[in-house]
Amino acid sequence: MPEDSIAHIDFVALRQKAISQPLVKDLYTADPSAHYFNGKIYIYPSHDIEAGISFNDNGDHFGMEDYHVFSMESPESDVTDHGIALHVNDVPWAAKQMWAPDAAYKNGMYYLYFPAKDYSGFFKIGVAISNSPTGPFIAEPNPIEGTYSIDPAVFEDKKTASFYLYFGGIWGGQLQKYRENIFDEHHVEPQPNELALGPIVARLTNDMKTLAESPRTIQILDEKGAPLLAGDNERRFFEGPWVHQFKDKYYLSYSTGDTHFICYATSNSPYGPFTYQGRILNPVVGWTTHHSICEVKGKWFLFYHDSSLSEGITHLRSMKMTELHHNEDGSIQTINPYGA
Ligand code: FUB
């Protein structure tokens, strides 16, 4: 929901209508990436703060500095805050803006993937490692070579025992400055009748610390097999890619940014192309919408955020969760965050 439409919102009524309440109320948390590791739910969100920078399309007001990790014994249980797991001051290459992270588990070790701006102002993606899901995580000295932009999400393909890193976001996320992995300051978002930009994917090496291949752009197709155009703002990729698997299909879900939907597309391959299927989440209060999808004991959950606790302050968000339902044919039921 855009900022200019919040002036008339009755937040008390809206919070009562909301289908779920913030998981945490003493901190602002956003972009929750949830995983079921060793019988427990772990959530890796952004930690929103008031950085004192006014709103702009570059997202400079998202001035986050650290990450906390949260856990839940079950979907119904209380949330435990495990404190600071990584701070920007402990990442040699990162200057600022610790945006949406994700985590992965492999062979007894936990890997936290995070974007931040380097000292030249470019977003890169780093990895930090711990032997505990709650950290503290020790950052590698340099960002992962070949990465750029924001919103890392790691998908483990259990069929092939491979891990894939997805990333990308336009506008403040800088993806529009790249074509075929090459940066050019003059590149801008494509014109409405040109092909939309897609999220980026690359398989990770066995040690989880580097890319095993050159990153490739994912195409999202419409129902006729034509790639989505940049002017198709209600369906095209903007930021926040996430991949999950359901009944042998790969599901790519993402935010449409300026139209504020979480949408999804499906494929037979983790590299795509993915075919657009529909909406998972209708707009929430606040400009951004960002999610993850996690299976817990045969039930599926959507983790997302909104700005209703801060009464619409777009960079002070609260993570939430609600059950997500796949239909028999594999389609996902659209969720209305404030009821029907
Ligand atoms: O939290 C900062 C940015 O806002 C994220 O990286 C985007 O996905 C959006 O949620």
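Both counts, for ligands and for their atoms, begin at 1 and track the order of listing.
A donor and an acceptor atom, one from each side chain of Tyr254 and Asp151, are nowhere located under 3.5 Å apart. For the residue pair Glu189 and Trp171, a side-chain donor N or O sits within less than 3.5 Å of a side-chain acceptor on the partner.
Using a cutoff of 4.0 Å between basic side-chain nitrogens and carboxylate oxygens, Asp329 and Lys247 are not scored as salt-bridged.
With respect to atom 6 (O) of ligand 1, the closest heavy atom belonging to the protein is Asp151 OD1, 2.5 Å. Remark: minimum distance from atom 3 (C) of ligand 1 to any protein heavy atom is reached at Trp99 CE3, 3.8 Å. Nearest protein heavy-atom neighbour of atom 9 (C) of ligand 1: Glu239 OE2, 3.4 Å. In terms of protein heavy-atom proximity, atom 10 (O) of ligand 1 is nearest to Asp31 OD1, 2.7 Å. Scanning the protein heavy atoms around atom 4 (O) of ligand 1, the nearest turns out to be Arg317 NH1, 3.3 Å.
Taking the six-membered ring where tryptophan is involved, the planes of Tyr105 and Phe37 are tilted, since the angle between them lies from 30° to 60°.
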>> Could you walk me through whether Ile332 and Gln277 satisfy the side chain to side chain contact (heavy atoms under 4.5 Å, CB included) test, starting with their C-alpha distance in whole Å, then the side-chain angles of each, then the deciding distance to 0.1 Å, before giving a yes or no?
In response: CA-CA 9 Å; Ile332 294 178; Gln277 301 294 342; over 6 Å; no
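Residue contact check: Ala100 has heavy atoms under 4.0 Å from atoms 6 (O) of ligand 1.
Heavy atoms of Met64 come nearer than 4.0 angstrom to ligand 1 in at least one pair. Not a single heavy atom of Gln97 sits closer than 4.0 Å to an atom of ligand 1.
Here Phe167 and Tyr148 bring their ring centres to under 6.0 angstrom of each other.
The proximity of His61 to ligand 1, defined as any non-hydrogen pair under 4.0 Å, does not occur for either the backbone or the side chain.
Here the CD1-CD1 distance, from Ile129 to Ile138, works out to 9.5 Å after rounding to the nearest 0.5 Å.
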